[in-house]
Amino acid sequence: MEQAGGGPAGGATETPRRLSREQLFVLISAASMNLGSMMGYSVLGPFFPKEAEKKGASNTVIGMIFGCYALFDLLASLVFGKYLVHIGAKFVFVAGTFVSGGVTVLFGVLDQVPDGPIFIAMCFLVRIMDAISFSAAIMASSSIIAKAFPNNVATVLGSLETFSGLGLILGPPLGGFLYQSFGYEVPFIFLGCIVLLMVPLNMCILPNYDADIGKHSFWKLITLPKVGLIAFVIISSSSCFGFLDPTLSLFVLEKFNLPAGYVGLVFLGLALSYTISSPLFGLLSDKMPHLRKWFLVFGNIITAGCFILLGPVPILHIKSQLWLLVLVLVVNGVSAGMSIIPTFPEILSCAHENGFEEGLSTLGLVSGFFGAVWSLGAFIGPTVGGFLYEKIGFEWAAAIQGLWALICGLAMGLFYLLEHTRRKRSIPQNIPSTEQERTALLPNEIYPYTILE
C-alpha cells in the first residue's frame, strides 16, 4: 500500500524501491525474451558443428555460419537503432521475437536439405533471418529498459543478464540431451515454440512509449574518444564469447572424448558464473560509478589470462585437463561480467555529458550502437576462431584471442590514467578565486574599480 502525505522527498525515496506495474511488465517481457532467445542461440554449440561436418561443411565454413549471425546483427542494429522511434519500440520488440521463434523452428528441418552447397546456403539464410529478428528484439528491449529504469540501467541490465545466462546455461545441455534422445529436429522445434508462445504475452503486457525524434547520429556518438575505446572493449568481449562457439565443443570432443550431452555441461561453467556475477557488477556500477573503470580494466586483463590458460598455450608446458578447462571457464564468466556490464551505462553517461538529449531517441542510438559493436565482435570471434583453429590449433588460437583482451584492458587503463591526469591539472584553472567571484557578481560600472582594487 502506498504511503500518503510523504511529500516530494518521501516520494523521491519511495520510487526507486518499489516497482510500478509498468516496470514489472517491462521486466517480465525483457526477461522472457532474453531467456528464450539465448536458449535458441546457444543450442547449436554441442552438436551443430559435428552435424555440419557430416553435411560437408569445413571448420572455416562452420565458423562463418556462426559468424554471419553477428554480421547481420550488426547491420540490423544500426538500422533499428536509427529508426526505432519512427517504427515504435513495442512493435520492433514483438515482431522481432515472433520472427526469431519462427526461424528457430525452420533451423530444425535443415537436416532434410541435400548435403553440400545447398545445406550451407540454407544455414546462412536461416541464420541471417534469425540475426535480424533477434537484433530487433534485443535492441528494442534495451531501449525500453533504459526508458523505464533511467536511474538503474546497469542494475536492471545486469539482473536481466541472469536470464540471458540461464538461456546460455540451459541451451547447450538441453540441446545436447534432446539431440541424443530425439535427433536433430527436436531441440530447434521445442525452443522455437517456447519463443513463439512469448509473443502474445508480450503483446498484452508491454507498454508503449512515445518519443521525440533526436538530432544526433551514430557518427557523433562513435567519434567520442571514450565511446570509441569502450567499443573496442565490447568487440573484444563479444569475440571472446563468439570464439568458443565453433571451437570449444570440437576441442573437448577431440581432447577428452566426451559425448555431446556432456559437452553442453562444459559450457555450463562459463554461463553459470556469468549469470551469477552480472547482477552484482550491475548493482555496483549503479551504486558506485567510479568502480566502472576498474571493472573494465581488470575484467579484460583477467579474461586475457583465462584464454591463455584455456588450452593452455603450449609455451607454458601445462597439461590440458578437463577440470582446469572448466575452472578457467568459470573465472572467465566472472571476468566477462566485470568487463561487459559497465559498458552500456558508461556509453550512456558519456553521450549525455556530450550534449545528447535524454529520451528514447538517444537510448535507441546507444542500444543500436552497443548491439552493432557487440555483433561485430561476435562475427570476428567465430569466423577468425574457426580459421585459426583449423590452421594452428585451439591452444594457440585461444592465446591470440586473449592477447586482444589484454590490449583492450591496458588501453582502457591508459585512457583513464590520462583522463585523471587531465582533470587534476584543470582543477586549479577552473576554481575561481574569491576576487574573481566578487567581480562576476558586481555591476558592470563598478568592474574597473574592482580590478584596480
Side-chain angles (χ1 to χ4, degrees), residues 15-16 23 26-27 30 34 74 77-78 80-85 89 92-93 135 138-161 164 209 211-238 278-279 281-297 299 337-377 408 412 415-416 419:
T15 303
Q23 288 175 323
V26 168
L27 284 178
N34 282 19
L74 182 158
S77 294
L78 293 173
F80 289 122
K82 177 70 175 174
Y83 296 105
L84 179 71
V85 177
V92 171
F93 181 92
S135 171
I138 201 75
M139 190 273 306
S141 172
S142 299
S143 301
I144 291 168
I145 287 162
K147 180 73 175 176
F149 301 91
N151 301 318
N152 304 95
V153 178
T155 302
V156 176
L157 288 176
S159 299
L160 287 171
E161 283 301 300
S164 298
Y209 287 111
D212 298 323
I213 298 171
K215 299 172 287 184
H216 298 293
S217 65
F218 278 112
W219 180 247
K220 184 178 178 183
L221 186 66
I222 200 169
T223 51
L224 300 174
K226 186 176 182 180
V227 172
L229 265 178
I230 293 173
F232 279 108
V233 170
I234 297 168
I235 292 168
S236 170
S237 301
S238 174
S278 292
F281 291 123
L283 183 65
L284 290 173
S285 293
D286 276 334
K287 299 296 182 187
M288 293 176 275
H290 63 279
L291 290 179
R292 291 176 192 163
K293 55 178 175 284
W294 299 109
F295 290 158
L296 289 171
V297 173
M338 192 185 296
S339 54
I340 292 167
I341 297 302
T343 54
F344 191 94
E346 277 285 276
I347 294 172
L348 195 58
S349 63
C350 185
H352 290 154
E353 286 167 11
N354 285 274
F356 283 71
E357 63 272 6
E358 295 191 17
L360 196 59
S361 59
T362 298
L363 294 172
L365 279 178
V366 173
S367 299
F369 173 77
F370 182 92
V373 293
W374 178 271
S375 301
L376 180 58
C408 285
M412 284 305 302
F415 173 81
Y416 282 123
E419 186 182 57

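Here the options are Ile235, Ile340, Thr343, the test is side-chain contact (heavy atoms from CB on, under 4.5 Å), and the partner is Trp374; only Ile340 passes.
Of all heavy-atom pairs spanning Ser339 and Leu296, the tightest one is O-CD2, 3.2 Å. Minimum interatomic distance between Ala140 and Val92 (heavy atoms only, all atoms of both residues): CB-CG1, 3.9 Å. Nearest heavy atom pair, residue Val227 against residue Cys350, reads CG2-SG, 3.8 Å. Closest non-hydrogen pair, Cys408 versus Ser236, comes out as SG-CB, 3.6 Å.
Residue pairs that meet the salt bridge (charged side-chain N to carboxylate O under 4.0 Å, His left out) test with at least one member in residues 226-236, sequence neighbours left out, are Lys226-Glu346.
In terms of the ring-ring contact (aromatic ring centres under 6.0 Å, His included) criterion, residue partners of Phe281 (sequence neighbours excluded) are, by chain and number, Phe295. Contacts of Leu160 classified as side chain to side chain contact (heavy atoms under 4.5 Å, CB included), with partners at least two apart in sequence or in another chain: Leu27, Ala30, Ala31, Asn34, Ile145, Val156, Phe163. Under the side chain to side chain contact (heavy atoms under 4.5 Å, CB included) criterion, Leu283 pairs with Thr155, Lys287, sequence neighbours left out. The side-chain hydrogen bond (donor to acceptor under 3.5 Å, both in side chains) check on Ser237 picks up nothing, with sequence neighbours excluded.
Atom OG in Ser285 sits 7.5 Å away from atom CD1 in Ile341 (nearest 0.5 Å). Rounding to the nearest 0.5 Å places CG of Leu348 at 12.0 Å from CZ of Phe370.
Side chains of Glu353 and Leu224 form no contact here, defined as non-hydrogen atoms less than 4.5 Å apart. The side-chain heavy atoms of Ile234 and Ile347, taken from C-beta on, include a pair separated by under 4.5 Å.
A donor-acceptor pair is defined here as one N or O able to donate and one able to accept, closer than 3.5 Å; no such pair exists between the side chain of Arg292 and the backbone of Pro342. Side-chain atoms of Ser349 come within 3.5 Å of backbone N or O of Pro345 as a donor-acceptor pair.
Summarising the local packing, CZ of Phe415 is surrounded by more than 12 heavy atoms from other residues, nucleotides or ligands at distances under 6.0 Å.
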